[in-house]
Amino acid sequence: MAATFCCLCSATAQTTFPTEYPPEATAVPGTDITSRLAGKVFTVKSATSGNWRLEFDNRGYVFVDTDQGFRDNGPWAVRGEQWCTQLPKAGDNCSTLFVAGDVLFYKRSRNGEVVSMTLR
């Protein structure tokens, strides 16, 4: 019985997060990704990792700073219909970029969470 209680407690303590894009969101074509990201700074909101700042410079580097103290940076590029990063700590990732109004969305490869990106 104690084991059942512990399992129930840990199940309810887990954070739930979105894994699907908002229904009104549409994929950003690969030809438009650079103009949406380059030279811009975004606030990313994550249910699992707090908030962080993503800065995409015009030279092809992205800088990540989280409110939990994590920092990373490395090259980013558009490959086909996805934007991709090569970060020493976070690893190599590619994701499709979606948009709804002024908000961008992408799915984190680490856990499948869909996060929002708003322009600062």
Practice item. Under the side chain to side chain contact (heavy atoms under 4.5 Å, CB included) rule, what do Glu55 and Val64 come out as? Steps first, then yes or no, please. Key: CA-CA 7 Å; Glu55 178 180 350; Val64 180; over 6 Å; no
Review point. Side chain to side chain contact (heavy atoms under 4.5 Å, CB included) between Arg53 and Phe42: does it pass, once the steps are laid out?
Key: CA-CA 6 Å; Arg53 176 184 163 276; Phe42 296 89; over 6 Å; no
Exercise for review: Could you walk me through whether Val99 and Thr26 pass the side chain to side chain contact (heavy atoms under 4.5 Å, CB included) test, one step at a time?
Suggested key: CA-CA 5 Å; Val99 63; Thr26 58; 3.8 Å; yes
Point to revise | Criterion side chain to side chain contact (heavy atoms under 4.5 Å, CB included) on Phe105 and Leu97, from CA distance to verdict | key: CA-CA 6 Å; Phe105 299 88; Leu97 192 64; over 6 Å; no
Exercise for review: Give the intermediate values and the outcome of ring-ring contact (aromatic ring centres under 6.0 Å, His included) for residues Phe56 and Trp76.
Suggested key: CA-CA 8 Å; Phe56 296 87; Trp76 75 276; 5.1 Å; yes
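Other residues, nucleotides and ligands place no more than 12 heavy atoms under 6.0 Å from the OH atom of Tyr61. Around CZ of Arg120, the count of heavy atoms belonging to other residues, nucleotides or ligands within 6.0 Å exceeds 12.
Here the CG atom belonging to Asn73 is positioned 11.0 Å from the OG1 atom belonging to Thr85, to the nearest 0.5 angstrom. Rounded to the nearest 0.5 angstrom, Cys84 SG and Ile33 CD1 are separated by 8.5 Å. Atom OG1 of Thr66 and atom CH2 of Trp52 lie 8.5 Å apart (nearest 0.5 Å). Atoms OG and CZ, from Ser46 and Arg110 in turn, are 7.5 Å apart once rounded to the nearest 0.5 Å. Taking CE of Met117 as the start and OG1 of Thr43 as the end, the distance is 9.5 Å to the nearest 0.5 Å.
Between the side chains of Thr48 and Glu113, at least one donor N or O sits under 3.5 Å from an acceptor N or O. One side chain, Ser49 or Arg108, offers a donor N or O that lies under 3.5 Å from an acceptor on the other.
Under the 4.5 Å side-chain heavy-atom criterion for ILVMFWY residues, a single connected hydrophobic cluster contains both Leu119 and Leu104. By the rule that hydrophobic residues join a cluster once side-chain heavy atoms approach within less than 4.5 Å of another member, Val114 and Leu54 end up as members of separate clusters.
Across all non-hydrogen atoms, the minimal contact from Leu87 to Gly74 is CD2-N, 3.4 Å. Smallest separation of non-hydrogen atoms from Ala25 and Ala100: CA-CB, 4.0 Å. Here the shortest heavy-atom pairing between Cys94 and Gln82 reads CB-OE1, 3.3 Å.
Sorted by first and then second residue, the pairs that involve residues 70-83 and meet salt bridge (charged side-chain N to carboxylate O under 4.0 Å, His left out), not counting sequence neighbours, are Asp65-Arg71.
With sequence neighbours left out, Asn51 forms a side chain to side chain contact (heavy atoms under 4.5 Å, CB included) with Lys45, Asp67.
A donor-acceptor contact shorter than 3.5 Å links the side chain of Asp57 to the backbone of Gly60.
Counting heavy atoms from C-beta outward, Tyr106 and Val115 have side chains that approach closer than 4.5 Å.
The aromatic rings of Phe98 and Tyr21 sit parallel, their planes meeting at an angle under 30°, below the 60° perpendicular limit.
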